[in-house]
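First the structure, in the form of structure tokens, and then the observations on it.
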Amino acid sequence: RRVTAHTGIAEFSSGFEEFRAGLLDFRKKSAVHEVLWQNWDEYAETIVRDDVDGSVKLRNSVRPGNFLNLEDLSFTAGFFRIVPSTFVSFGLLCTFLGLVAALSSLGEDLSKSAAPDVVVISLMKIASAKFTMSLVGLACSIVFGLVLRWRQGRLDSILHGLCLALERRLVFVSLED
């Protein structure tokens, strides 16, 4: 919002120092804000004042996306990237442990001369309950994966919007210029 409060190149250039000073207060809010500030400060070092034609314009020599991105801001999934596969693995582990226990009790029941059809029906009930563990793990994996991707996409979109807003208020200077 602070970037889009300046409607154009000239207004952003004239209010840049005030804008930058306002970000110092923003920096103190949390560790996340501190990381964002540090990357912004690195990016701000690539901005140069150009007053060759009389009016002051700010020119950037590097695109803001090189500094303000998910990776550099530590906004990536990190540990949470392995959580969906952990859900599936845990569901499979519980399923197979349950099946091993069911087969073990099946052997005991058969050795006690129980009716085989009663034992098989009992085994099928136990097995169906154990396969539910796999389904629960899979469902949790899918839901968590979707939420994680949605969140990452939302963050990426917000950062892209910020970078685009900055680029529209600065004049890019390439090496050829």
Side-chain angles (χ1 to χ4, degrees), residues 1-4 23-47 60-112 114-170 172:
R1 283 181 249 156
R2 293 179 190 217
V3 174
T4 56
L23 288 179
L24 285 173
D25 294 332
F26 173 81
R27 170 187 192 180
K28 298 172 186 172
K29 289 184 178 182
S30 71
V32 171
H33 290 91
E34 176 68 26
V35 170
L36 186 57
W37 162 257
Q38 288 172 355
N39 284 20
W40 162 257
D41 198 42
E42 287 294 317
Y43 173 65
E45 290 175 7
T46 70
I47 298 174
N60 59 317
S61 57
V62 178
R63 300 275 185 209
N66 290 350
F67 294 92
L68 304 174
N69 58 65
L70 294 177
E71 191 74 31
D72 290 338
L73 293 172
S74 302
F75 289 170
T76 57
F79 166 78
F80 294 107
R81 193 173 315 177
I82 66 167
V83 171
S85 60
T86 304
F87 279 132
V88 171
S89 299
F90 186 70
L92 287 173
L93 176 68
C94 289
T95 297
F96 285 110
L97 287 175
L99 288 176
V100 167
L103 289 173
S104 174
S105 71
L106 170 74
E108 290 175 14
D109 289 345
L110 285 175
S111 68
K112 293 178 184 176
D117 51 340
V118 173
V119 173
V120 170
I121 290 172
S122 173
L123 174 67
M124 296 307 273
K125 286 180 182 177
I126 293 171
S128 67
K130 301 311 173 195
F131 281 112
T132 303
M133 296 301 286
S134 286
L135 292 175
V136 168
L138 188 59
C140 289
S141 172
I142 291 169
V143 169
F144 191 86
L146 289 173
V147 169
L148 186 64
R149 283 177 182 77
W150 172 79
R151 182 183 171 275
Q152 289 295 110
R154 188 167 168 261
L155 284 172
D156 197 31
S157 177
I158 290 169
L159 281 175
H160 178 71
L162 173 63
C163 291
L164 188 61
L166 284 169
E167 285 195 32
R168 288 188 174 157
R169 287 157 182 79
L170 299 168
F172 184 71

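On a predicted model such as this, the values are computed, not experimentally measured, just so you know.
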Could you tell me whether the side chain of [Y] reaches within less than 4.5 Å of the side chain of [X], counting heavy atoms only?
X	Y	value
Leu159	Leu73	yes
Phe75	Val32	yes
Val83	Leu148	no
Leu68	Leu36	yes

Kindly give the heavy-atom pair with the smallest separation between [X] and [Y], and that separation in Å.
X	Y	answer
Pro64	Cys163	CG-O, 3.6 Å
Ser85	Ser141	N-OG, 4.4 Å
Ala77	Gln152	N-NE2, 3.7 Å
Ser128	Lys125	OG-O, 2.9 Å

Looking at [atom1] of [X] and [atom2] of [Y], how far apart are the two atoms once the value is rounded to the nearest 0.5 Å?
X	Y	atom1	atom2	answer
Leu164	Arg168	CG	CZ	4.0 Å
Phe87	Ile82	CZ	CD1	11.0 Å
Cys140	Leu135	SG	CG	11.0 Å
Phe80	Arg151	CZ	CZ	8.0 Å
Ile126	Leu103	CD1	CG	9.5 Å

Please tell me whether Glu42 and Gln38 have a donor and an acceptor in their side chains that are separated by less than 3.5 angstrom.
no
Checking side-chain polar atoms at under 3.5 Å, does Ser157 have a donor or acceptor matched by the opposite partner on His160?
no
Main-chain N/O of [Y] paired with [X] side-chain donor or acceptor, under 3.5 Å:
X	Y	answer
Asn69	Gly65	yes
Asn39	Asp72	yes
Ser61	Thr46	yes
Thr95	Lys130	yes
Arg149	Gly145	yes

Parallel, tilted or perpendicular: which fits the ring planes of Tyr43 and Phe67, with parallel below 30° and perpendicular above 60°?
tilted
Across all chains, not counting sequence neighbours, the side chain to side chain donor-acceptor pair (under 3.5 Å) partners of Glu167 are Arg63
